Amino acid sequence: MGKNKKLPRPKARLPKGLRDIDAEEIRARDGMLRTIRHVYDSYGFEPLDTPAFEYTDALGKFLPDQDRPNEGVFSFQDEDEQWLSLRYDLTAPLARYVAENYERLPKPFRRYQSGPVWRNEKPGPGRFREFIQFDADTVGASSVAADAEMCMLAADALEALGIERGDYVIKINNRKVLDGVLGSIGVDSDGDDYLSKRLTILRALDKYDRLGGEGVKLLLGEGRKDESGDFTKGAGLSSEQIEPLMAFVVAQGNGRSETLSTIEELVRGNEVGQQGIDELKTIDALLSASEFATDRVVIDPSIVRGLDYYTGPVFEAELTFEVKDEKGRPVRFGSVGGGGRYDGLVARFKGQPVPATGFSVGVSRLYTALSTLGKLEETAPFGPVVVSVFDKANLADYQKLLAQLRAAGIRAEVYLGNGKMGQQFKYADQRRSPCVVIQGPDEKEKGEVQIKDLIEGAKAAASVASNEEWRSERPAQFAVPEEKLVEAVREVIARHET
RNA sequence: GCCGCUGUAGCUCAGUUGGUUAGAGCGCUUGAUUGUGGAUCAAGAGGUCGUAUGUUCGAUUCAUACCAGCGGUACCA
């Protein structure tokens, strides 16, 4: 780098994994959030906001150590040297909130919450280090009716967002069933390396949708080498152990009850597994009673979800259609939401068990999917009406016109730049203004204003060849008396709406 | 973390079998038009060819390392 005497300039750059959000996306996203909120509200949940960061130990992370000070989370120290971390989901702060306010909250406590969360991980396609989640949780209800409700909530929310039935599916599984299958093949808490082995197995099963049966088999056995040459160590199971696991993963049948009877066989005799099956059966019955059929909610034994805190039913929302990207390659949108039962989270604070279950919509990812699909409603097709500045000495006149428009509820601004008339129109064009208001000396004298319909004018431009013609014709421009300004602007806007 | 691909103007990309002043289109600025968007025409701004080291008389070009981006994979409460 050069050593000249100029002040070193910072480089204008965005940290990786972060994004700027433009007006169009903000509008669309606000609409999505409103829609989801409406559904959650109708289910009886109450809003809650918590801060962006918390004490690190309250979030459930170990204190950052020297080796990996920021593993997974963004952390920093307060002035009293206590560690703080940006929240990485909305569930951990909820657990803290419930534990801290337990006595005065109604039980069960039902809340929804949306906002950004941060993860210090390698960003990938569709994965960012800051993204928005929208959660609903019921804390203090051990009944699986609460879990069944989460599935209904998820399905209703996706449909309210305009995703048609059949274009999404809510998948359910149960951690207890998974543990039951593990128990029946001899992987249980008696084994010395039980925890790490269970983890490896669950991770392997979780990849079924991506790697397929062969890949998962390798990961359960000796390990797998991927196409880039990287080797992943396997769980080291014998083929007698792998077989029932594979049978379990592919057990999804034609309808929820068929799936259930298949996996019931696989956990036969295992108490925890049977308990999980019974829970799924109850959920199935509740869903069926509410007419949530298998075109909306299925039981999928290959669903695992995060590994740490889920203790019972787990859910995942997936979009099922395929879309092609700019290069014509098919893009699959994976999970756009998920959740499950976490009976141990609040107990971390309180000692006593507090059952809880919840569902989280990945708003950012859903936005990407919907916008790729073109399923987002066009919002704000117009920019503001621009009152042009013919002469800065007469700004007060323009301000008066502007005030009339604003008082009438019309989005409007006076041109605040330095440009000449031509530049002002260019500006208005860029802003997608429906029209420009012009008042030069001639108009002023006659008590008139010129209104230039930019949208009509753009159409007219196609048939105008020469510049002289373009200028002399002044396409789609007309004069009205000053007092008719609002009326005329309304007409122009109305003409182009819908 | 591991593997692979890519790095030339704001964007999309040419190009140099190693040679003096590195190009195009689009975009941007200004003007033709002293009161009018588009189209057209003209002019202009904008690059230490990702960074460093090495080979060489000479490197944007070759080699190595690093960095960044992308993709895959691993991890992901």
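This structure is a prediction, so every number in the text was calculated from the model and none was measured. Per chain, numbering begins at 1; letters A, B, ... match sequence-line order.
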Original post:
What nucleotide, of B:A77, B:G1, B:G37, holds the atom closest to the side chain of A:Asp429?
Top reply: B:G37

Original post:
Nearest of B:U36, B:C76, B:U73 to any side-chain atom of A:Gln477?
Top reply: B:U36

Subject >> Out of B:C76, B:A74, B:G72, whichever nucleotide has its closest atom nearest the side chain of A:Arg127 >> reply: B:C76

**OP:** Sequence neighbours left out, what passes salt bridge (charged side-chain N to carboxylate O under 4.0 Å, His left out) with A:Asp391? Give chain and number order.
**Re:** none

Subject >> Distance between C1' atoms of B:A42 and B:U55 (Å, rounded) >> reply: 47 Å

**OP:** Name the closest nucleotide to the A:Leu211 side chain, picking from B:U36, B:A74, B:C76.
**Re:** B:A74

**OP:** Using only heavy-atom distances, decide whether a donor-acceptor pair under 3.5 angstrom links the side-chain of A:Arg203 to the base of B:C75.
**Re:** no

**OP:** Select base, sugar-phosphate, or nothing to describe what A:Lys233 touches, counting heavy atoms under 4.0 Å on all strands.
**Re:** nothing

**OP:** Would you classify A:Gln424 as touching base, sugar-phosphate or nothing, given that sugar-phosphate means primed atoms plus P, OP1 and OP2, and contacts are heavy atoms under 4.0 Å?
**Re:** nothing

**OP:** Whenever both distances are under 3.5 Å in a Watson-Crick or G-U wobble pair, mark it; put RNA chain B into dot-bracket that way, with [ ] for crossing pairs and | when the partner is on another strand.
**Re:** (((((((..((((.....[...)))).(((((.......))))).....(((((..]....))))))))))))....

Original post:
Checking all strands, does A:Lys420 fall into the base, sugar-phosphate, or nothing category for heavy-atom contacts under 4.0 angstrom?
Top reply: sugar-phosphate

Original post:
For A:Tyr88 and B:A77, do the ring centres fall under 5.5 Å apart while the planes stay under 30° apart?
Top reply: yes

Original post:
Is it true that the NZ or CZ of A:Arg19 lies under 6.0 Å from the centre of A:Phe128's six-membered ring and within 45 degrees of the ring axis?
Top reply: yes

Original post:
A:Trp470 side chain: which of B:U36, B:C76, B:C75 is closest?
Top reply: B:U36

**OP:** Check every strand shown and say whether A:Arg431 touches a base, only sugar-phosphate, or nothing at a heavy-atom separation below 4.0 Å.
**Re:** nothing

Original post:
So, is A:Lys207 near the phosphate of B:C76, with a side-chain N or O under 4.0 Å from OP1 or OP2?
Top reply: no

Original post:
In whole angstroms, how far is the P atom of B:G71 from the CZ atom of A:Arg210?
Top reply: 14 Å

Original post:
Would you call A:Asp206-A:Arg305 a salt bridge at under 4.0 Å N-O?
Top reply: no

**OP:** Tell me what A:Tyr427 touches on the nucleic acid: a base, only sugar-phosphate, or nothing, going by heavy atoms under 4.0 Å.
**Re:** nothing

Subject >> Neighbours of RNA chain B within residues 447-461 of chain A, by heavy-atom distance under 4.0 Å >> reply: A:Lys452, A:Asp453, A:Leu454, A:Gly457, A:Ala458

